[in-house]
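Proteins get letters first, then strands, A, B, ... in listed order; numbering begins at 1 in each.
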Amino acid sequence: MASGGRLTRRFYAGETCQVAQALLGKVLVHVDAGVRRAVRLVETEAYLGPDDRASHARFGPTKRAAVMFGPPGFAYVYLIYGLSHCLNVVTGAEGFPAAVLLRAGEPVCNTLHSSRGPGNLCRALGVRRELHNGLDLTGETLFVEDGPPPPERIVSSPRVNIAYAGEWAERPWRYFLEGSAFVSGPRPRRR
DNA sequence: CCAAGGATTGGC
DNA sequence: CCAATCCTTGGA
């Protein structure tokens, strides 16, 4: 596909951990009332399947998590701690609940705020649950643009703030670009 | 119906 | 370190 074009549903339908890594270096865009707000993604996390004890899908297709059970390429946006919105992209096959949490990006254009951390990333782009949850990411409002592979090395680590998930907390399903100053939380040297 | 707690953040 | 703040979930 042409570099710079929007990612297709086929892209999001891929295996979740691969999609999480493939999103790094790509550009997340929100066309906000005609204003293009964008960041280059530098940190993601995979939430994989109904058995993942860290995933919102662990309780089944509840009202909140229903989007994760739907087709790939849609936005799952939720409110956490009554304060922060978090943006995920639904991945994998329809019926299998999986998503990639977009945790941080480096500012590209018209950002409203720091984009370091999942709540901040949403604030930077003007993404909110009431506006964007369930939105089709192959549309023209909120989408990710394809591009060349990032020059930085991709590093993995356990996911952040999911200690409650028992042994699932150990899975190295957090991915980020090594050396990026825009990555949130703990930054291991390498893996 | 009610209690508990969270895929976070920013301030002390 | 810890409170903010509200929504979601599970259990009575």
Q. Counting any heavy atom closer than 4.0 Å, what does A:R159 reach on the DNA or RNA strands: base, sugar-phosphate only, or nothing?
A. nothing
Q | Rounded distance (Å) that lies between atom P of C:dT8 and atom CD1 of A:I80 | A | 11 Å
Q: Take A:H113 and A:L101, find for each the nucleotide of DNA chain B with the closest heavy atom, and name the residue whose nucleotide sits nearer the 5' end.
A: A:L101
Q: Can you tell me the distance, in whole Å, between the CD1 atom of A:I162 and the C1' atom of B:dG6?
A: 13 Å
(Q) So A:N88, base contact, sugar-phosphate only, or nothing? Heavy-atom distance under 4.0 Å. (A) base
**Q.** From A:W173 atom CH2 to A:Q21 atom CD, the distance as rounded to the nearest 0.5 Å
**A.** 12.0 Å
Q: Please check the phosphate of B:dT8 (OP1 and OP2 only) for any side-chain N or O of A:N161 closer than 4.0 Å.
A: yes
Q: Sort out the partner of B:dC2 for me: Watson-Crick or G-U wobble, both distances under 3.5 Å, none otherwise.
A: C:dG10
Q. Considering Watson-Crick and G-U wobble pairs with both distances under 3.5 Å, what does C:dT5 pair with?
A. none
Q: Measure from the side chain of A:Y81, starting at C-beta and using heavy atoms only, and say which of B:dA7, B:dG6, C:dC6 lies closest.
A: B:dG6
Q: May I ask you to decide whether A:E140 forms a salt bridge with A:R6, counting only side-chain N to carboxylate O separations under 4.0 Å?
A: yes
Q | Contact under 4.0 Å: A:T62 side-chain N or O vs C:dT8 OP1/OP2 | A | no
(Q) When you measure from the side-chain N and O atoms of A:R129 to the phosphate of C:dT8, is any distance below 4.0 Å, counting only OP1 and OP2? (A) yes
Q | Phosphate OP1/OP2 of B:dT8: any A:R103 side-chain N/O under 4.0 Å | A | yes
Q.
With side chain to side chain contact (heavy atoms under 4.5 Å, CB included) as the criterion, how do A:S184 and A:E43 come out once you've worked through the C-alpha distance, each side chain's angles and the decisive distance to 0.1 Å?
A. CA-CA 8 Å; A:S184 72; A:E43 182 185 358; 2.9 Å; yes
Q: Take atom CZ of A:R174 and atom P of B:dT8, then tell me their distance rounded to the nearest Å.
A: 11 Å
**Q.** Rounded interatomic separation in angstrom, taking CG from A:L121 and C1' from B:dA7
**A.** 13 Å
Q: Give the intermediate values and the outcome of side-chain hydrogen bond (donor to acceptor under 3.5 Å, both in side chains) for residues A:H30 and A:H132.
A: CA-CA 10 Å; A:H30 177 207; A:H132 302 103; 3.2 Å; yes
Q: Return the stacking result for B:dA7 and A:Y47: yes when the ring centres lie under 5.5 Å apart and the planes under 30°, no otherwise.
A: yes
Q | Nearest-angstrom distance from the residue atom NE2 of A:H85 to P of C:dC6 | A | 11 Å
Q: Would you mind reading off the distance between A:E130 atom CD and C:dC7 atom C1', rounded to a whole angstrom?
A: 12 Å
Q. Once you round it to whole Å, what is the distance between P of B:dT9 and CZ of A:R116?
A. 10 Å
(Q) Could you report the tightest heavy-atom contact between A:R9 and A:P72, atom names first, then the distance? (A) NH1-O, 2.9 Å
Q. How far does the P atom of C:dT5 sit from the matching atom of B:dC2, given to the nearest Å?
A. 23 Å
(Q) I want to verify a distance call: between B:dG10, B:dA7, C:dC7, whose nearest atom is closest to the A:R123 side chain? (A) B:dG10
Q) For A:L83 and B:dT9, what is the distance between atoms CG and C1' respectively, to the nearest whole Å? A) 7 Å
Q: Could you check which of B:dG6, C:dT9, B:dT8 has an atom nearest any side-chain atom of A:Y164?
A: B:dG6
Q: May I ask you to check whether A:H85 and A:Y78 place their ring centers less than 6.0 Å from one another?
A: no
